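A short worksheet on the structure shown next.
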Amino acid sequence: MPISRKKAAKPAPAPAPAKKAVAPKSKKRTVQEAQRDESDDEFGQVAIDMNSDDEEDMDGDDESDDAEADEFPEDDAEEGQDMSAADIEEDEDEEDEDSEGSYMDGDSLVDSQEENDDDEELEEDDEEGSDFDDLINGGDIDPNFGHNLNEPLAPESDYNPIKREYPEIDPIYDSDSSTEENENTVGNIPMHWYDDYPHIGYDVDGKKIMRPATGDELDKFLSTMDDPDSWLSAHNYKEGQDIKLTSEELEIIRRLEGNRIPDADYNPYEDQVEFFTSKTEIMPLSAAPEPKRRFIPSKHEAKRIMKIVRAIRDGRIVPRKSGYVPPKPKYYNLWNDAEDKPREEHVMHITAPKMKLPTHDESYNPPAEYLPTEQEIQEWNELDKEDRPKNYLPQKYNALRNVPGYGQFIQERFERCLDLYLAPRVRKNRLNIDPESLIPKLPSPRDLQPFPTRMAIEYLGHEGRVRSISVDPSGLWLASGSEDKTVRVWEVATGRCMATYVVDELVTSVSWGPNKEVAVLAVACGYKVGLILPEKLFSPELTLHSEEYLKAGFANVSSTEANAKAQWKQPTPAEFDQGVRVWVHLQKPVKQVTWHRKGDYFATVAPDANNSAVLIHQLTKHQTQQPFKKTKGAVQRVMFHPSKPMFFVATQRYVRQYNLQRQELVKTMMTGVQWISSLDVHPAGDNLIIGSYDKRLCWFDLDLSSKPYKTLRYHAQAIRSVAYHKRYPLFASCADDGNVQIFHGMVYNDLLQNPLIVPVKILKNVHQRVQALGALCVEWHPTQPWLISSGADHTIKLFS
Amino acid sequence: MDALIEGPQVQVRFVTQQRQYAIPETAIQTPARLRRYGLSQIINLVLQNEGETQRPFDFLIDGEFLRTSLAEYLEEKGMSTENVLTIEYVESMLPPTPLSSYEHDDWVSAVQAHPAGGFLTGSYDNHVRLWNKQAECTQILTGHSGAIKAVQWLTSDGDSGSILSGALDRSILAWEYNLSDNSHSVLYECRGHTGGVESIALNATGDQFASGSADATIKIWTTVIPTVSDHIEEVTETRKKRKTVKEDRILKAPIATLSVHTGPVSAVVFNPISQETLYSGGWDHSVRVWDIENNVNTTTKNCEKVVHCLDYSQHAGLLASGHADPVIRLWDPRTEDSSVVKQTLSGHQNWVTSVSWSPSSSYMLASGSYDGQIKVWDIRAKGALYTLSHGKGSKKVFSIDWSNDILLSGGEDNQMKIHKMQDMASHDDA
């Protein structure tokens with residue numbers, strides 16, 4: 001029955017009165033109702049004959065008519081009230097729903113339909129939907145959206161826009177209308193299509209339903225006139241019959257015409273049931289079982305999830321890493337004092353420095369000695385604020401009550417606060433390294449003994465600067481060349497001058513021949529080099545042998561004359577008696593003379609002689625060679641290699657090593673000094689030291705590099721001489737500051753081990769400074785750890 | 001006596017090995033504050049020596065001289081004052097008194113005194129000088145062509161005798177002299193060294209002597225006076241040489257040459273008891289013990305310094321050596337250990353060039369150094385007993401000799417100096 005359908009479509013406990021609590025829903029419901037009214041054509045088929053009502057109108061039911069007339073405006077007013085109330089309320093939710101309702105066509109309909117069944121859920125859905133919309137449109141990702149996704153989604157079928165609703169069946173016996181016979185099944189068609197047929201349709205069995213016999217108009221009129229209830233009948237076109245309406249149905253029609261609720265029993269203004277009140281309800285609102293769709297996966301949600309999945313695949317959403325556990329929120333009782341323990345201090349926590357406690361002079365009544373004098377006050381006032389040792393002056397008050405308020409209090413508090421929060425809270429990790437441990441471990445000088453420590457013997461007798469000294473290979477005799485134009489030979493162990501040779505020029509260099517079989521002393525003085533045979537000091541056999549050795553070259557006359565660079569000459573008889581055996585005259589003043597290890601060759605250095613600055617002389621043949629056609633720079637020192645046919649030439653800044661056999665340059669040492677003063681080669685031949693006028697002593701490891709292995713700067717003034725000991729791992733340097741420094745210089749046979757250099761002793765003020773010159777020459781005793789030095793103060797000293 | 005009772009007391013027992021000064025060995029309460037002088041007074045008191053007869057005593061506790069007060073000594077050693085302290089006392093050696101000094105023309109490099117009197121000095125002026133008991137220069141022996149480095153008495157009987165001298169001219173000359181007719185002559189010339197002769201030592205019997213030289217050899221010679229020259233390989237003399245060398249000298253060759261030293265031999269000394277034992281020291285830092293009979297080096301002791309001088313004491317049985325450092329080392333030559341120094345005496349400021357044991361004491365020795373000082377040591381004491389200045393300034397001392405009560409020294413200041421020493425013969429009977 002259409003009526004019953006209509007009834008059923010209505011929510012049974014329509015919550016219209018509860019407008020404030022569920023305002024948006026009720027509003028929606030009204031919209032829906034309006035739509036349904038339009039679409040419902042059931043009423044269209046009920047043709048109500050109103051023409052015959054006139055009488056009846058007059059007759060009765062005035063009340064109802066009045067009531068209708070009364071009721072309509074009420075309804076309107078209610079509606080208007082509703083709207084205005086809604087407008088006035090301007091609830092956010094309402095607005096949202098409004099807008100949704102206006103532009104969402106299908107969905108909104110479905111939503112609203114669903115709302116009928118489960119309002120709350122739908123609302124949630126809506127919210128979710130908007131969330132997802134935001135999300136997919138690039139809005140912020142709700143961190144909890146994954147959580148929400150877990151909730152089951154409603155099946156998609158629920159969202160079918162046209163839903164057939166079947167009338168509720170009243171489970172009484174004759175409630176089934178289908179059991180009625182002759183029911184026409186043609187459906188909702190214009191019935192005039194059957195006007196030309198004898199039947200008006202078909203029943204469920206397919207048999208024609210014949211048109212019932214109808215009388216003409218007169219019969220109709222008569223029957224109406226006969227039947228007092230004829231105005232109550234309605235024509236059913238489908239049946240082709242008149243149906244007599246019951247009074248209930250008439251009542252419904254009347255109410256509908258009056259735009260009133262058809263069910264007269266329905267009270268639209270029932271008392272509000274407070275579903276949600278301040279009272280805590282124990283029982284659930286609804287005992288209805290959970291609807292099935294809550295357990296069926298929602299296609300709609302699946303769609304939305306796929307949307308998200310696609311977005312994730314496309315990289316528009318970056319999901320969390322797997323295994324992410326959302327942090328558990330920590331809750332603690334903020335106000336619980338009992339369990340309140342001080343939190344552990346942060347690693348970088350630095351406690352604020354404590355203020356100094358006040359002292360006596362900060363007392364209001366300090367002892368008199370703390371009170372400043374006038375002068376002190378003045379001084380204090382004159383000082384800058386930052387420079388003041390204290391920021392107050394002690395003051396005396398008779399009583400505490402006389403003490404004024406401290407004017408600087410706030411300022412000081414403020415500054416302290418500034419200090420505290422501006423302090424760089426950075427924990428500086430101070431390097432906890434003992435600086436001593438960084439110093440390379442050097443053996444104690446005590447362990448490196450023997451080395452000379454104290455002066456033992458002084459050799460006195462010279463009357464000029466002693467420029468050069470040399471100890472003979474046996475270690476018994478010491479020769480010294482002085483600027484007093486003498487060469488002296490001393491007994492090393494006693495300091496006795498055994499011989500004095502007077503020459504006619506300043507002696508610049510003396511050197512004993514290294515051959516023990518030949519006793520010869522080379523003396524460089526002026527433009528010549530003299531070879532002296534100290535007769536008495538040596539045994540007759542040695543003396544004789546030496547004499548023959550020295551003389552042998554005079555037979556080789558031709559070569560002597562050919563070489564203009566150096567002329568070998570016989571000494572005068574007087575000189576011969578003195579001991580001089582040979583003179584070698586050179587072109588320029590000779591500064592240095594040095595022997596080859598075998599004692600046959602000796603080299604001379606005459607720096608002024610340009611290309612012939614370095615000459616090598618052969619004693620046995622009285623020959624002189626010029627090893628270098630061209631010399632680079634001013635030659636300072638030369639030295640023969642102690643074992644190989646090598647030759648070292650020190651110019652102002654470089655030391656060059658030449659191979660004499662192959663006649664080639666082997667190596668150039670970059671000294672890095674300004675002016676080399678002296679040179680010595682280690683007896684093993686792999687190391688050499690140089691001294692320079694710019695106070696530096698450089699050790700070169702010839703195998704290692706062309707740069708100095710070590711540079712020692714211990715002298716205060718120009719170094720004059722450096723020397724290696726021939727047996728002990730010692731070397732020494734002397735300088736113009738009058739000091740002699742002794743180093744332990746161990747060279748290991750292991751090529752991988754670097755030489756060990758340890759300064760072991762500084763002999764201070766060994767020689768007095770005379771005209772800016774101090775110690776001029778150092779020489780080691782060939783066999784003992786004794787050092788001999790000569791100086792500008794005319795003395796020679798031996799240290800042991 | 002009241003002063004003696006004050007202060008803390010220590011029980012001491014005095015013992016001595018000098019019987020003439022013996023006192024009863026009973027414990028005596030003495031004040032702990034007493035020093036050597038106070039203790040010495042106690043001994044004299046007990047001995048009832050007074051005035052002139054009073055003798056100074058030195059006190060030894062555990063073989064060490066007491067140089068502080070008793071209390072300080074006990075505190076230092078951590079000893080209790082309750083126990084009885086045994087103190088040995090010996091008569092103090094009186095400080096040496098300088099007798100006289102004699103000027104030379106040049107540095108005095110070698111001195112030797114004869115026990116019977118008379119001194120021998122060698123000088124850098126190539127002369128050997130003989131001095132009699134009255135310290136008069138009786139003879140100047142001229143013949144060397146180099147500085148004299150060593151002198152040695154051979155025989156001496158009053159006016160005549162014979163001596164040996166070694167010099168830088170590599171020769172050793174044996175001289176005989178006669179003071180009565182003021183004559184002297186070269187007995188023979190010992191030739192063979194190729195370096196200067198640094199040291200000469202005569203053995204106890206006087207039939208052999210050894211010489212150490214800068215040529216790193218030790219040569220052993222007999223004292224037999226040869227009648228003809230031994231055959232020596234003569235080098236062809238140069239014109240100059242021939243002029244200077246005396247032709248009429250009898251040449252003598254060594255009977256043995258010991259050439260194990262690797263440096264100049266600076267000191268040789270015979271063991272006066274054992275004829276065959278010779279000690280030598282040299283620049284190779286070694287002290288060597290030789291068996292002369294077999295000419296073998298039996299023991300070698302090494303230190304790190306050049307040995308300058310050696311002396312052997314038959315009383316102490318120890319070798320004393322002076323080195324190129326300020327330390328005197330005492331060696332026990334009988335031990336086989338090569339580098340064990342029995343004791344060191346330090347106090348000099350410079351090289352020690354000469355040591356000489358007291359001829360009579362087993363504890364006393366004297367040393368001369370390049371710092372110009374002569375020190376007298378008791379090896380039981382920590383420092384030197386007496387420090388004598390040889391001459392003006394700090395001129396080097398080259399040689400000293402302690403003979404009986406005479407201490408001779410010669411040095412760079414051209415002086416031979418004589419100190420009067422107390423005769424130590426009575427000191428110890430050990």
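Keep in mind that the numbers below use all heavy atoms, side chains included, and drop hydrogens, waters and symmetry copies. These numbers come from a predicted model, not from an experiment. Throughout, protein chains are lettered first and strands after them, A, B, ... in sequence-line order, and every chain is numbered starting at 1.
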Side chain B:R170, main chain A:F538, donor-acceptor under 3.5 Å: yes

Rounded to the nearest 0.5 angstrom, the OG1-CG distance for A:T453 and B:D325 is 8.5 Å

Do NZ/NE/NH1/NH2 and the carboxylate oxygens of B:D106 and A:R496 come within less than 4.0 Å?
yes

task: Answer yes or no: is there an ion pair linking A:E458 with B:K396, defined by an N-O contact shorter than 4.0 Å?
output: no

Output for pair (A:S474 OG, B:D215 CG), nearest 0.5 Å, gives 10.5 Å

Greatest number of non-hydrogen atom pairs under 4.5 angstrom with chain A, of B:N350, B:D284, B:T262, falls to B:N350

query: So do the side chains of B:W351 and A:L798 get within less than 4.5 Å of each other, counting heavy atoms only?
result: yes

Applying a strict 4.5 Å limit to non-hydrogen atoms, the region of A:M455 in contact with chain B is backbone

Rounding to 0.5 Å, atoms CG (A:L476) and CG (B:L168) come to a distance of 9.0 Å

Residues B:A324 and A:S800: closest non-hydrogen pair is O-OG, 3.4 Å

Rounding to 0.5 Å, atoms CD (A:Q784) and NZ (B:K305) come to a distance of 9.5 Å

CD of A:E491 to OG of B:S109, rounded to nearest 0.5 Å, is 9.0 Å

The interface call for B:H193 against chain A, heavy-atom contacts under 4.5 Å, is neither

Separation between NZ (A:K536) and CG (B:D169), nearest 0.5 Å, reads 10.0 Å

Turns out that what part of A:L542 lies under 4.5 Å from chain B's heavy atoms comes down to neither

Okay, B:Y124 and chain A: the region with an atom under 4.5 Å from a heavy atom over there is both

Heavy atoms of A:T494 and B:W107 approach each other most closely as O-CZ3, 3.8 Å

Can you say whether the rings of A:H781 and B:W283 are parallel (under 30°), tilted (30 to 60°) or perpendicular (over 60°)? tilted

